[in-house]
Structures are given as structure tokens and as C-alpha cells.
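Given the structure is predicted, the values throughout are model-derived calculations rather than measurements. FYI, the numbering just counts along the sequence from 1.
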Amino acid sequence: MDRPDDALIPAGTPWLADRAAQAVCRAIAAGGHRILFVGGCVRNALMGETFSDIDLATDALPDAVITLAQEAGLKSVPTGIEHGTVTVVSGGRGFEVTTFRRDVRTDGRRAVVAFTDDVAQDARRRDFTMNALYATPAGVIVDPLGGMPDLLARRVRFIEDAGARIREDYLRILRYFRFEAWYGRGEAGFDAEALDAIARNAAGLETLSGERVGAEIIRLLSAADPVAAVAAMRSTGVLGVVLPGSDDRMLGAVVHLEAQVAPSPDHLLRLASLGGETVAERLRLSRGDTRTLEAMREAMGSDAGISEIAYRQGPRIARAAAVLRAAGTGTPLPEGCDARIEVGSNARFPVKAADLMPRLEGPALGAMLQALESRWIASEFSLKKSELLSGI
């Protein structure tokens with residue numbers, strides 16, 4: 001159903017005045033078709049959150065979308081035409097335009113779809129009620145399933161039967177917890193039907209690729225405060241499925257302490273606090289992220305001071321070490337933690353091998369450099385080159 005005229009997207013929403021997006025809308029509407037904004041751009045605009053992608057849905061079939069785009073002088077790319085998606089390029093940017101569709105068959109990962117001209121059928125194949133909201137190019141909200149109350153209450157709720165939605169794509173289990181972490185700040189808390197359905201279907205997560213699981217976990221842990229969502233993952237058995245051997249008891253302290261020293265949430269720091277077996281392999285982390293995660297865990301248990309870690313491995317690893325150590329021991333961050341990390345990160349050892357040659361060479365040279373560097377670090381990087389070389 002179309003909402004009343006006063007149910008509008010906020011006037012300052014960028015895509016209402018986005019010439020490129022509106023040009024796509026005009027191209028499709030010129031053929032007598034319905035064209036609607038959908039998904040995250042609508043949801044986040046209504047919540048006052050930022051968004052990046054602008055997606056569109058239409059009753060026009062893919063071939064018609066291509067033809068109408070060409071007639072309007074716009075380039076079209078059949079990026080997912082078997083599922084009804086055509087990317088229309090306008091103003092140098094790509095906009096995904098997807099034909100209204102319904103699921104014919106699903107296997108827990110992918111779906112066979114049939115096209116429809118009914119926006120309500122298109123809405124029913126989506127995951128959560130807050131994602132089944134559309135808006136006209138003028139900004140009038142189209143709410144086929146009555147999802148606005150859930151969105152306004154920041155209530156994450158599966159569309160119709162939660163178990164059925166999950167079995168269509170088991171990744172929706174992790175999406176549920178990610179949406180709770182990012183958007184579910186309502187007073188009602190977690191939806192009981194959703195948690196029950198998740199607990200009964202958690203084993204289905206084993207059928208998903210590590211890449212898909214890893215991407216969702218990273219996005220979840222990047223939320224400002226994912227503590228409640230991760231605790232719910234543990235209580236439903238999901239955490240044990242995706243990260244066997246993990247433990248979220250430190251996570252609350254980590255999130256609290258991290259805010260004192262980090263400019264933004266660090267998903268790898270939070271992942272390090274969870275522990276678990278073969279995490280990097282299970283989540284298909286990149287080589288760089290794998291090295292960073294391992295360095296954080298090693299720094300947590302090392303004897304090196306925070307400033308030395310910052311000197312040797314940079315501020316990110318040093319912050320992680322400070323936060324993980326404090327969270328693990330239930331103590332505050334070290335006094336002057338920020339300053340120590342900054343000093344260590346900017347420190348440059350003043351002695352070079354050439355300063356000791358030709359008096360020292362080979363192993364003796366290496367040993368002396370190491371000894372002098374240790375003295376310099378112990379002085380909190382205060383000893384000057386002349387002081388270090390004095391008496392040698």
C-alpha cells in the first residue's frame with residue numbers, strides 16, 4: 001500500500017535531488033512503468049543513517065529496462081539479468097534496476113525467481129520488514145507489508161514466517177544479528193520468534209562459504225556496539241557454529257576500552273577478543289587481515305610495553321594490545337596510554353650500523369645494535385645518539 005502523502009522520505013535525502021538517479025527513473029517511467037527506490041537507501045533515509053548504494057525496483061522486464069535506458073541515452077549492463085537486475089549508468093555512476101520478482105525455488109543459498117508486476121510479491125521475498133520499504137521518485141513511501149512501525153521502533157523482524165525466510169538463505173541468520181547491531185536499538189529487544197527460528201536453523205550456516213560468513217561477521221563487528229548481538233549469537237548457538245571455541249566474555253570491556261583510544265571501531269580487535277579456532281581460515285580473511293589478527297593476539301600476550309609495540313608494529317597493534325590486556329585483566333588502560341602509543345609510533349632509532357663501523361662487524365655489530373636499541377627503548381626513546389654511543 002502507498003502511504004499517505006505525509007509519509008515522505010526526508011526532504012534533505014540526497015537521491016531526491018540526485019540528477020543521475022532521477023534520470024534513470026524518468027527513463028523507465030517514460031515507458032509507462034513503475035519505478036521505485038528500495039532497500040538500504042530508503043531504510044537509512046528514514047532512520048537518519050548514511051547510505052552509499054541507491055537501488056531501484058520496477059515492474060518493467062529486464063529487456064524493457066535495457067531498451068528504455070538506451071532510448072534515454074543511458075548505458076545499460078546486464079549484470080544479473082537472470083535474476084532481473086540491469087545496471088543503468090547515469091552521470092558516470094551505476095544504478096541497479098531490478099524487476100519485481102518472487103521466489104520459485106530456493107536451496108538455502110540461491111534462488112530461482114519469476115518476474116511479477118506486484119510490488120507486494122517482491123516485498124515478500126525480502127528478509128526483514130524494515131527492508132521491504134520502497135519510495136517513489138518524489139519520495140512518497142510505498143509500504144506493501146506494513147513495515148514502517150517496525151522501522152520506526154528499530155525492531156528487526158523477519159517478513160512473515162521467520163523459519164521460512166531463514167531456510168531461503170541461511171546467511172539471513174547473520175544478517176539478522178548484523179542488523180540488530182547496527183539498527184536494532186528499540187526498547188522491545190530481540191524478536192522472540194526470530195531467535196527461536198535462528199536456534200532451530202543454526203546448523204544451516206555450515207552450508208555457507210567462508211567468504212560470505214566472514215563478510216557478515218566483519219560488518220557486524222564494525223558496528224558501534226555489537227555486544228548484545230554477539231551475546232544473542234552465543235545464546236542461540238550461532239557463535240559456536242561460525243567461530244568454534246570462541247568466547248564473547250571480553251567483548252563488552254573491549255568495546256568500552258577501545259572507545260577511549262581508537263578513532264573508530266576496529267573489527268579485527270573485536271575479533272581477536274573472541275578467540276576461536278582457525279578463525280582466519282574459517283572467515284577467509286585476507287592475508288593482511290590474517291597477519292594483523294595474529295599480531296594483535298601475540299601482542300596481547302607479549303612482555304613488551306605498549307610504547308615498544310607501537311614502535312615495532314605501529315599504533316593499531318599497540319592499541320589492540322593495550323585494550324586486550326586491560327579487558328583480560330579487568331583493569332583500566334595504562335595511564336597515558338595514548339601518549340605512549342604516539343611516542344612509540346613516531347620514534348626513530350638514532351643509531352645506524354655505520355656509526356659502529358669499522359670498529360664492529362658481523363655478529364658483534366648486530367649484537368651491539370640490538371643492545372643499544374634495547375637501552376633506547378627502556379629510556380622511553382629519550383636517549384640521544386651521542387648518549388648511546390658514549391663509552392663504546
Tell me, do D266 and M296 make a side-chain contact under 4.5 Å, heavy atoms counted?
-> yes
Step through the shown structure and confirm whether more than 12 heavy atoms of other residues, nucleotides or ligands are within 6.0 Å of CD on E281.
-> no
Salt-bridge criterion met for R172 and E168 (N-O under 4.0 Å) | yes
Between S286 and R291, do the side chains contain an N or O donor and an N or O acceptor separated by less than 3.5 Å?
-> no
same_hphob_cluster(M148, F51) at 4.5 Å side-chain heavy-atom cutoff | yes
Rounded to the nearest 0.5 angstrom, the CG-CZ distance for L388 and F349 is 6.0 Å
R165/D161 ion pair, N-O < 4.0 Å = no
Just by distance, with hydrogens left out, do E96 and T87 show a side-chain donor and acceptor under 3.5 Å apart?
-> no
Residues T136 and F37: closest non-hydrogen pair is O-CD1, 3.9 Å
With T292, which of L285, L271, L268, L269 fulfils side-chain contact (heavy atoms from CB on, under 4.5 Å)?
-> L268
Residue of the set F179, Y176, F190 for which ring pair (Phe, Tyr, Trp, His ring centres under 6.0 Å) holds with F158 = Y176
For K384, does its backbone N or O pair with a side-chain atom of E387 as donor and acceptor, under 3.5 Å?
-> yes
Taken to the nearest 0.5 Å, the spacing of L56 CG from R34 CZ works out to 13.5 Å
Spell out, as yes or no, whether a donor-acceptor pair under 3.5 Å connects the side chain of S235 to the backbone of A232.
-> yes
dist T116:OG1 -> R125:CZ (nearest 0.5 Å) comes out at 11.5 Å
Between S90 and L74, is any pair of side-chain heavy atoms under 4.5 Å apart?
-> yes
Same apolar cluster (I L V M F W Y, side chains within < 4.5 Å links), I81/V89 | no
Mind running side-chain contact (heavy atoms from CB on, under 4.5 Å) on R325 and S302 for me, showing each step along the way?
-> CA-CA 10 Å; R325 289 173 181 180; S302 77; 3.1 Å; yes
Is the count of non-hydrogen atoms from other residues, nucleotides or ligands lying under 6.0 Å from E335 atom CD greater than 12?
-> no
Does L195 belong to the same Ile/Leu/Val/Met/Phe/Trp/Tyr cluster as L239, with side-chain heavy atoms less than 4.5 Å apart forming each link?
-> yes
Taking NZ, NE, NH1 and NH2 as the nitrogens, is one of them in D122 or R126 under 4.0 Å from a carboxylate oxygen of the other?
-> yes
Take V279 and R297 through the test side-chain contact (heavy atoms from CB on, under 4.5 Å) and record every step on the way to the result.
-> CA-CA 12 Å; V279 172; R297 289 179 169 179; 3.6 Å; yes
Could you check if a side-chain atom of I35 sits within less than 4.5 angstrom of a side-chain atom of P137, using non-hydrogen atoms only?
-> yes
Does the side chain of V238 reach to within under 4.5 Å of the side chain of V241, using non-hydrogen atoms?
-> no
Please find out if less than 6.0 Å separates the ring center of F100 from that of F115.
-> no
For Q121, look at atom CD and say whether over 12 heavy atoms of other residues, nucleotides or ligands are found less than 6.0 Å away.
-> yes
Given the rule that I, L, V, M, F, W and Y join up when any side-chain heavy atoms are under 4.5 Å apart, are I54 and V77 in one cluster?
-> no
Do you reckon L333 sits in the same ILVMFWY cluster as L324, going by side-chain contacts under 4.5 Å, direct or chained?
-> yes
Where do A60 and T99 come nearest, in terms of heavy atoms and distance?
-> O-OG1, 2.7 Å
Donor-acceptor pair between Y183 and R43 side chains, under 3.5 angstrom = yes
Would one find more than 12 heavy atoms of other residues, nucleotides or ligands at under 6.0 Å from atom CD of Q370?
-> no
Heavy-atom closest pair (V242 atom, L283 atom, distance to 0.1 Å) is O-CD2, 4.5 Å
Which atom of V227 lies closest to which atom of G252, heavy atoms considered | CG2-CA, 3.7 Å
Taking 4.0 angstrom as the limit, do D18 and R93 come out as a salt bridge?
-> yes
Please, which pairs that meet salt bridge (Lys or Arg N to Asp or Glu O under 4.0 Å) have at least one residue in residues 248-261, sequence neighbours excluded?
-> R234-D248, D247-R249, E258-R270
What about W15 and F95, are their ring centers closer than 6.0 Å?
-> no
Is the closest side-chain heavy-atom distance between W376 and Y311 below 4.5 Å?
-> yes
Looking only at heavy atoms, what is the nearest atom pair of T331 and T329, with distance?
-> OG1-OG1, 2.8 Å
The reported gap from CG in L360 to CG in D355 (rounded to nearest 0.5 angstrom) is 11.5 Å
Sidechain-backbone polar pair: D143 side chain, L133 backbone, donor-acceptor under 3.5 Å = no
Please round to the nearest 0.5 Å and tell me the distance separating atom CZ of F381 and atom CD of E373.
-> 9.0 Å
When every non-hydrogen atom of A299 is compared with those of Q313, the smallest separation belongs to CB-OE1, 4.5 Å
Hey, does the side chain of S390 reach the backbone of S386 with a donor-acceptor pair shorter than 3.5 angstrom?
-> no
Ion pair R312/E298, N-O distance below 4.0 Å = no
Mind running side-chain contact (heavy atoms from CB on, under 4.5 Å) on L174 and L220 for me, showing each step along the way?
-> CA-CA 8 Å; L174 297 181; L220 188 160; 5.9 Å; no
Note, P226 side chain near V255 side chain (heavy atom, < 4.5 Å) | yes
Any V351 side-chain heavy atom under 4.5 Å of R375 side chain = no
Could you give me the CA-CA distance, side-chain angles and deciding distance for R282 and E277, then say whether side-chain contact (heavy atoms from CB on, under 4.5 Å) is met?
-> CA-CA 8 Å; R282 281 184 165 274; E277 306 160 4; 5.5 Å; no
Is a side-chain donor or acceptor of N346 paired with a backbone partner of E342 at a separation under 3.5 angstrom?
-> yes
Is R155 salt-bridged to D191, cutoff N-O under 4.0 Å?
-> no
What distance separates R26 CZ from L68 CG, expressed to the nearest 0.5 Å?
-> 14.0 Å
Under 4.5 Å between any side-chain heavy atoms of L372 and L389, yes or no?
-> yes
Check ion pair D118-R124 (N to O, under 4.0 angstrom) = no
Modelled atom types, side-chain donor and acceptor of T98 and T85, under 3.5 Å = yes
